[in-house]
Amino acid sequence: MTTTHPREASRPRARRLLSRLAAAIVVGTLAFGGASAASADDETDAPTPADPIVRLSVSTGSGTPTAPGGPLVSTITVTNDTSSPLSAGTVSLQVGRDALADGEALDQWLDDDATSAPFHTLASEATPVIDREASGTVNVVVDAVELGDLDAGVYPVRARLSGASTQVSGEDALQWNLTASTVLVIAESTARNSAVLVPITATPESGSLLTADELSALTAEGGALAGQLDAVSGTTAVLAIDPAIPAAIRMLGTRAPETATRWLSELEALPNDVFALQFGDADATVQARAGLPAPLATPDLTSLLLADDFPPAADSTPTPTPTPTADPVAALPDNEQLTALNGAEQGLLWPRSDVTTADLAVFGDYFGEDVTTILPSTSFIGASAGRMTVDGHDALVADATASARLSAAVEATDPAVLDRELTAAAGHLFFATGGATPTILALDRSETRSAAAVRAALSAFASPAVTLSELRAAPPASATPTPAESIERVSALNAMLADEERLTEFATILTDPAQLLGPTRIRILRAIGVGLDDTAFTAAVATQQERARTTLDAVGIQQPKPVQLFTSAAPLPVWVRNDLPWDVNVSLFSTPSDLRLDIQPVTEVTAQPAGSTRVDIPIEARVASGDVQVTFRLTSPTGVPIGQAATADVTLRADWEGIGLGILGGVIALLLVLGTIRTVRRRRTQSEATDEAEPATDDAGER
């Protein structure tokens, strides 16, 4: 239907479809002449997809079937991305007289322009002059007579542009001969007869819970969650919500952004059928294959609540005589209240597609025998969309091919790509159901959907006559699961759970271990999320394992410096490092390598968060001197080793204290003796001088 280049979709199937579409653009440009020189004998090189080009697309209803004998209304769009005007030309609309045989033939036609059907020209119209970097449309209406006697089916349709050229200053004119392909779906009934499942998820940067800033951005105008809510409002889409989203909003209490609380209120007010995904959109299949006795539970979220965010409600009843009372305490919500989805239908599970009969049995053990599992038709041999049972286990089956096309459509920002994928989805639905029985379509998990594209898809395919409860009550057909290979994700899950066990032991250093263990469990649940492809899964597991290693190394002893001990007793300083955001309680064990040093064996320490805490350990030398090593190690209050041991070199010079005092006493005594001698000599000298002066005085008196 178009020769444009769609951006890569977020899911593997969507990427394959759009990649094939990009290839079709190039094939179409080259096969039908590309651009040729109108005024020169030699043809110029055809423009590459990276060059500014002229693009052609055709629409035959954006997924809406045409009734037999009804008119065909088509819109042909010419887009001029070059830097010069495109001259007038002619477009013709052609239809293949032979219906496409099946979905494979449909994909070959849309993606590769491959079909053996003979084409008949229905109409030709002139195209207007199109300015540079602009678009023009031509509407073509073909009545039933011109269509001929086309029975119900899916027919190839193409549009051809000829005679239009662009003129670049100083160069020859380029003539554009282009084609675009689509299909015409003729069905006995044009009424929508399908349900569309729309998963709504949001992944936080931390891998745990959405923060207030993230919620503010996601639920504000233009945010991803706000756009998805706008897209599904007024439709009959079945919504599958990750309960981690409402939990993140409610946990903030009064700190929750106004846009987020309003978003949640509007979501709960929608009349749509709603059910909850597993917390963090965790995959139940990998848990079943890992042999877990029960599914990984949602962690205790109440330990992450802040009481200040939940002030008690003001009492509007006047009190006649105020009496002093204690401040009221607000009741904090529990896990069930935090994750609740009002009006949600219970007993639905939407895992990854690679399930076996044994997996379905485990799901029954996990969630009850009445659980209904949602799976694509590729999970079963020869199954079409609808309700199935496997050994008594209930399943709702979505048409895999049509769902993949629809998932690619809702990622599109180019209207031509959107129309192409919607039409492809309509064609696949025709082959899957014949247009008669209700069908289930399931969008891939995605957080990059176009809100406008989602609304267009739901308008075309979400039937108001098909509800979730009716699908679950429909008569089931028997089905056989496709043989599934072992899941490589099992070993990664087991490795993360082993890390979680070590963190559980490590967390005994905290007053409230759930502050660490709650976010850890959430990150594990998100790491096995259904929506993660293999690349994203590998990255999420690696991130979680690195986070676990960093956490286990967050508390330890800083390497002590060598110590010189000059007294028989003194405090020995040791620094305990704590990189966690909480206080930690540890026991510091000190063991000397020699009995010459007596040291306090155990010291209880409360290390401050995000820093180092100094601990002074009393030591005492038992003998004169020597070199001693002191080994320090930390344990939790329950005896779990924490961090690595550290060793301090202590040099004992305890006898220096006595020697120093003796020397000091000797020096003082010597100084006293010298002072005494000096004083005596001074007095003797003064006495002799007095004796010599007295005779002289007497002689003077006699004269």
Side-chain angles (χ1 to χ4, degrees), residues 1-4 21 24-25 28-29 31-33 53-80 86-100 106 109-110 113 115 117-131 134-165 175-187 190 409 414-427 430 456 459-460:
M1 211 176 77
T2 178
T3 56
T4 188
L21 174 58
I25 297 170
T29 302
F32 293 94
I53 59 174
V54 175
R55 294 177 292 139
L56 183 68
S57 62
V58 56
S59 169
T60 57
S62 297
T64 302
T66 299
L72 169 62
V73 180
S74 302
T75 301
I76 301 173
T77 303
V78 183
T79 303
N80 178 18
L86 178 69
S87 68
T90 301
V91 290
S92 59
L93 184 68
Q94 302 175 333
V95 63
R97 305 302 301 182
D98 297 335
L100 298 171
L106 169 62
W109 165 244
L110 287 177
D113 287 334
T115 182
F119 280 86
H120 170 67
T121 300
L122 298 175
S124 295
E125 297 286 346
T127 61
V129 175
I130 301 174
D131 201 0
S135 297
T137 60
V138 176
N139 294 319
V140 179
V141 179
V142 179
D143 58 29
V145 174
E146 293 172 315
L147 281 176
D149 188 18
L150 294 181
D151 296 328
V154 181
Y155 296 86
V157 174
R158 69 186 179 195
R160 308 190 74 167
L161 171 67
S162 60
S165 62
Q175 186 173 8
W176 296 88
N177 300 308
L178 305 174
T179 65
S181 58
T182 187
V183 293
L184 169 63
V185 180
I186 298 179
T190 60
D414 186 336
V417 177
L418 170 62
D419 186 273
R420 180 188 186 88
E421 298 304 325
L422 292 180
T423 302
F430 178 88
S459 298

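Residues V183 and T60 fail the side-chain proximity criterion, which asks for heavy atoms closer than 4.5 Å. Looking at N177 and R160, their side chains never come closer than 4.5 Å, going by heavy atoms from C-beta outward. In this structure, the side chains of R55 and D414 come closer than 4.5 Å at one or more pairs of heavy atoms. Counting heavy atoms from C-beta on, the side chains of L93 and V157 come closer than 4.5 Å. In this structure the side chain of D131 never reaches within 4.5 angstrom of the side chain of N80, judged on heavy atoms. Side-chain contact between S59 and T182 is absent, with no heavy-atom pair separated by less than 4.5 Å. Using a 4.5 Å heavy-atom threshold, the side chains of I53 and W176 count as touching.
In this structure, T79 OG1 and I130 CD1 are separated by 7.5 Å, a value rounded to the nearest 0.5 Å. Atom CG of residue L56 and atom CG of residue L161 lie 5.5 Å apart, to the nearest 0.5 angstrom. Note that OG of S162 and CD of Q175 are 7.5 Å apart. Values are rounded to the nearest 0.5 Å.
What you find for L100 and P156 is that their closest heavy atoms are CG-CD, 3.9 Å. Scanning both residues, F430 and V154, for their nearest heavy atoms gives CD2-CG2, 3.7 Å. In terms of heavy atoms, A187 sits closest to P65 at CB-CB, 4.0 Å. When every heavy atom of I76 is checked against every heavy atom of A159, the shortest pair comes out as CD1-CB, 4.0 Å. Contact record, L418 with A456: CD2-CB, 4.0 Å, taken as the closest heavy-atom pair. Closest approach of T77 and S135 over heavy atoms only: CG2-CB, 4.5 Å.
Tested against L184, the residues T423, L72, V142 include a single side chain to side chain contact (heavy atoms under 4.5 Å, CB included) partner, L72. Among the candidates V140, D419, N139, V138, the single residue satisfying the side chain to side chain contact (heavy atoms under 4.5 Å, CB included) test with T75 is N139.
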If you look only at distance, which donor and acceptor atoms sit under 3.5 Å apart when one is on a side chain in residues 117-128 and the other is two or more places apart or in another chain?
| from | atom 1 | to | atom 2 | distance (Å) |
| --- | --- | --- | --- | --- |
| T121 | OG1 | Q94 | NE2 | 3.2 |
| T127 | OG1 | G89 | N | 2.7 |
| T127 | OG1 | G89 | O | 3.2 |

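Side-chain contact annotation: S165 with S87, donor-acceptor N/O pair under 3.5 Å present.
For A67, the side-chain contact (heavy atoms from CB on, under 4.5 Å) criterion is met by T190, not counting sequence neighbours.
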